[in-house]
Amino acid sequence: MIDLKYIRQNPEQIQQAIINKNEKADLAALLALDESRRKLQYDFDTHKAEQNRMSDVIATKKRNKEDASKELSEMSLVAEKIKQLQAELSQQNAELDSLLLRIPNVPESDVPIGNDESFNEIIRHEGELKKWDFEPQDHLQLAQANGLIDFMRGAKISGSGFPVYSALGARLERALINFMLEYHQQKHGYSELMVPLMVNRKAMTGTGQLPKLEDDMYRCNEDDLFLIPTAEVPVTNYYMDEVLSYKDLPLLHVAYSPCFRREAGSYGKETRGLKRLHQFNKVEMVRFCLPEDSPRHLEEMLDNAEAILKAFGLHYRVLKLATGDLSFASQKTYDLEVWAPGSKEYLEVSSVSNFGEFQARRANIRYRDAAGKMQFPHTLNGSGVATPRLMIAILESYQNADGSIQIPDVLKPWLELRINK
RNA sequence: GGAGAGGUGACCGAGCUGGCUGAAGGUGCACGCCUGCUAAGCGUGUGUAGGAGAAAUCUUACCCAGGGUUCGAAUCCCUGCCUCUCCGCCA
């Protein structure tokens, strides 16, 4: 969340951010409530100060065995009043919090302004575009022909969007996950966490998925737990309510997890095959760092994600997201889109974001700086990367004329085989 | 699931027969001193969040969370959550 004091002092900037991000936060109501709450706070404080002072007087009198009945009867009235003020105050505080939690993070100044993805800025293209002397098939045909993925049976047992990876498909998927996990640990210095797949409301609020996206998540009502839409949630909240030392920073974590997304209402062509799923696998990178270092860490994470695509020799492009396409909590995001030669389109496989102190404030993650002062670290995260679309790009890029798939060299340690029909 | 114990500051840990405790002591951290041989000794300082104020400063809240009793609660009562120990069940 944004510092309330900052909002109070820079309302125009916040309002502009709300507009640029297509959010519906009610800034006017927030400011009005803030005003009235401060008055109430002052009133409450004044009464409370009086009560505290008189309590001392009463205590002293009693100790000296003097009569305090006059003070006692006076104070019972004040106690009444305080109780009433307190009730009002805690109600206003709750309302204020709920309004504050709906104020989005402010995009950085170099983020392109525009209310949808058409304003995203293509920064560069990387990797070779492969050419074949035959017409490349798309991943659905290849997966089917090689018996790698069973969409029908997945739909039978769970519904559409829940594929079953079978036989070599399962091994390939597992190899991808292992390759990426190892790569980030060995080459990029991340430390692995294996995290719960269900988290509570507080954690979901900490990273900013709640309150906005409640309807997009699978939920266990009985226990008020949510299936994670990304490992970002448990990994970032790992340090929730903790005070770190500046010496601990930066912290780099990588985690593999399945990701669960309801994404109600997103049906159509897009949902065919592996492109859009309710459950998919992803390796996620998360960083906690000193505020002044976060821009550098964002670029490093982008490199880390790109390294995976480069390791497979895939063609991809790097996008800087426009304000309207930025997530609620992000202040700057790069997307990586890999080229799928069979489907002939770019597919998003990674989103790398800097959240500034936005998430740290929400999750109450702090650190003590060299001078001993409490500060909020900056948090960042990036997919490194999501497997389904990586799988698409690999199947389509490594196909042979006969419909078989060549296994990329980097996966050899996990998968020696060549997949044949 | 049953029985017991407990949740205090960055961390550990006193207090818990209600008022003089925002909270002893230690560790850590910061600064200074001393000493010099593999690391220590000594001194000083060190809560967070909100409100008022130009500032000095004043003030409020906070001892898991939420209620209650009381003029007054870290301390008493209730509810919830969590942790630990023992028993049961189970992968």
Side-chain angles (χ1 to χ4, degrees), chain A residues 1-9 30-101 103 194-206 210 220-226 234 237-249 251 288 290 357-358 360-377:
Chain A
M1 71 178 89
I2 311 277
D3 182 13
L4 184 55
K5 230 181 269 174
Y6 186 86
I7 296 177
R8 203 182 289 148
Q9 284 158 6
L30 177 77
L31 291 171
L33 188 58
D34 173 50
E35 189 73 31
S36 83
R37 199 220 59 197
R38 276 150 73 204
K39 288 210 178 79
L40 194 56
Q41 177 81 53
Y42 186 83
D43 201 13
F44 174 79
D45 284 0
T46 310
H47 281 83
K48 203 58 184 150
E50 167 71 1
Q51 186 183 58
N52 289 341
R53 199 176 58 78
M54 285 307 289
S55 283
D56 275 351
V57 172
I58 291 167
T60 309
K61 285 204 165 189
K62 289 213 163 183
R63 228 174 289 128
N64 298 337
K65 306 271 193 311
E66 291 172 42
D67 177 46
S69 54
K70 181 164 153 279
E71 286 81 0
L72 285 177
S73 66
E74 275 175 28
M75 280 304 100
S76 69
L77 291 173
V78 175
E80 258 335 278
K81 177 74 174 171
I82 285 174
K83 200 170 269 186
Q84 177 204 329
L85 288 171
Q86 175 142 43
E88 282 178 53
L89 193 59
S90 61
Q91 206 223 328
Q92 290 207 6
N93 277 329
E95 278 175 44
L96 193 70
D97 276 351
S98 101
L99 286 170
L100 198 52
L101 284 173
I103 304 289
M194 192 167 273
V195 291
L197 306 183
M198 306 187 84
V199 300
N200 58 31
R201 184 169 287 276
K202 196 177 169 195
M204 277 296 185
T205 308
L210 288 180
C220 221
N221 275 305
E222 293 260 303
D223 305 293
D224 205 29
L225 291 172
F226 298 82
N237 285 291
Y238 187 63
Y239 297 105
M240 173 202 293
D241 290 328
E242 290 190 32
V243 178
L244 308 166
S245 163
Y246 69 98
K247 292 175 182 165
D248 298 330
L249 303 174
L251 279 163
F288 302 80
L290 297 174
E357 60 176 39
F358 190 80
R361 271 184 185 278
R362 290 185 156 233
N364 193 31
I365 300 164
R366 293 175 296 175
Y367 73 94
R368 207 175 277 281
D369 66 19
K373 280 200 54 143
M374 289 287 198
Q375 307 281 0
F376 292 102

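All chains are named by letter (A, B, ...) in the order of the sequence lines, taking the proteins before the strands, and each is independently numbered beginning at 1.
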With a 4.0 Å cut-off on heavy atoms, is [X] in touch with a base, just the backbone sugar-phosphate, or nothing at all?
{"X": "A:Asn52", "answer": "sugar-phosphate"}
{"X": "A:Arg63", "answer": "base"}
{"X": "A:Ala371", "answer": "nothing"}
{"X": "A:Lys5", "answer": "sugar-phosphate"}
{"X": "A:Arg38", "answer": "sugar-phosphate"}
{"X": "A:Lys373", "answer": "nothing"}
{"X": "A:Met374", "answer": "sugar-phosphate"}

Watson-Crick or G-U counterpart of [N], or none if no pair lies under 3.5 Å:
{"N": "B:U35", "value": "none"}
{"N": "B:A56", "value": "none"}
{"N": "B:A30", "value": "B:U44"}
{"N": "B:G6", "value": "B:C82"}
{"N": "B:C89", "value": "none"}
{"N": "B:C71", "value": "B:G19"}

Query raised in the report: Under the 3.5 angstrom rule, does the side chain of A:Arg37 hit a backbone N or O of A:Asn93 as a donor-acceptor pair?
Result: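 Absent.
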Query raised in the report: Counting only N and O atoms by type, is there a donor-acceptor contact under 3.5 Å from the side chain of A:Asn52 to the main-chain atoms of A:Ala49?
Result: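 A pair under 3.5 Å: no.
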Suppose you measure atom [atom1] in [N] against the same atom in [M]; what distance do you get, rounded to whole Å?
{"N": "B:U85", "M": "B:C31", "atom1": "C1'", "value": "44 Å"}
{"N": "B:C42", "M": "B:U27", "atom1": "P", "value": "9 Å"}
{"N": "B:G80", "M": "B:G1", "atom1": "P", "value": "13 Å"}
{"N": "B:G72", "M": "B:A3", "atom1": "P", "value": "36 Å"}
{"N": "B:A5", "M": "B:U60", "atom1": "P", "value": "37 Å"}
{"N": "B:A73", "M": "B:A61", "atom1": "C1'", "value": "14 Å"}
{"N": "B:G28", "M": "B:C12", "atom1": "C1'", "value": "10 Å"}
{"N": "B:A74", "M": "B:G9", "atom1": "C1'", "value": "12 Å"}

Report task. Tell me yes or no: between the side chains of A:Gln84 and A:Glu80, is some donor less than 3.5 Å from an acceptor? Result ->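 Per modelled atom types, A:Gln84 and A:Glu80 side chains form no pair under 3.5 Å.
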Distance check needed: [N] [atom2] versus [X] [atom1], whole Å only.
{"X": "A:Arg366", "N": "B:G47", "atom1": "CZ", "atom2": "P", "answer": "14 Å"}
{"X": "A:Tyr367", "N": "B:U48", "atom1": "OH", "atom2": "P", "answer": "14 Å"}
{"X": "A:Asp56", "N": "B:C20", "atom1": "CG", "atom2": "C1'", "answer": "8 Å"}
{"X": "A:Asn93", "N": "B:G51", "atom1": "CG", "atom2": "C1'", "answer": "11 Å"}
{"X": "A:Lys62", "N": "B:G72", "atom1": "NZ", "atom2": "P", "answer": "11 Å"}
{"X": "A:Lys202", "N": "B:A65", "atom1": "NZ", "atom2": "C1'", "answer": "10 Å"}
{"X": "A:Arg368", "N": "B:A30", "atom1": "CZ", "atom2": "C1'", "answer": "11 Å"}
{"X": "A:Arg53", "N": "B:C71", "atom1": "CZ", "atom2": "P", "answer": "18 Å"}

Presence of [X] side-chain N/O under 4.0 Å of [N] phosphate oxygens OP1/OP2:
{"X": "A:Tyr246", "N": "B:A30", "result": "yes"}
{"X": "A:Gln51", "N": "B:C71", "result": "no"}
{"X": "A:Lys48", "N": "B:C58", "result": "no"}
{"X": "A:Arg8", "N": "B:G51", "result": "yes"}

Query raised in the report: Counting only distance, no hydrogens or angles, is the base of B:G50 paired donor-acceptor with the side chain of A:Asp45 under 3.5 Å?
Result: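 Answer is yes: a donor-acceptor pair is held.
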Query raised in the report: What's the spacing between A:Leu244 CG and A:Gln375 CD if we round to 0.5 Å?
Result: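 These two atoms lie 12.5 Å from each other.
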Query raised in the report: Between A:Arg368 and A:Met374, what is the shortest heavy-atom contact and its length?
Result: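 Closest heavy-atom pair between A:Arg368 and A:Met374: NH2-CE, 3.4 Å.
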Report task. Between B:C29, B:U59, B:C71, spot the one nearest the side chain of A:Ala49, thanks. Result ->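 The closest nucleotide is B:U59.
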Query raised in the report: A:Tyr42 has a side chain; which of B:A30, B:G51, B:C71 sits nearest to it?
Result: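 Per side-chain heavy atoms of A:Tyr42, the pick is B:G51.
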**Report entry** RNA chain B: 5'-proximal contact among A:Gln86 and A:Arg37 (nearest heavy atom)
**Finding:**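 The 5'-side residue here is A:Arg37.
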**Report entry** Residue met sooner reading RNA chain B from 5', once A:Ile58 and A:Val243 are mapped to nucleotides
**Finding:**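 It is A:Val243, whose closest nucleotide lies nearer the 5' terminus.
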**Report entry** Pair A:Asp43-A:Lys39, salt bridge (Lys or Arg N to Asp or Glu O under 4.0 Å): steps then yes or no
**Finding:** CA-CA 6 Å; A:Asp43 201 13; A:Lys39 288 210 178 79; over 6 Å; no
Query raised in the report: Are more than 12 heavy atoms from other residues, nucleotides or ligands located less than 6.0 Å from atom CD of A:Glu66?
Result: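 More than 12 within 6.0 Å, yes.
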Query raised in the report: Does some side-chain heavy atom of A:Asp369 sit less than 4.5 Å from a side-chain heavy atom of A:Leu290?
Result: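 A:Leu290 does not reach A:Asp369 side chain to side chain.
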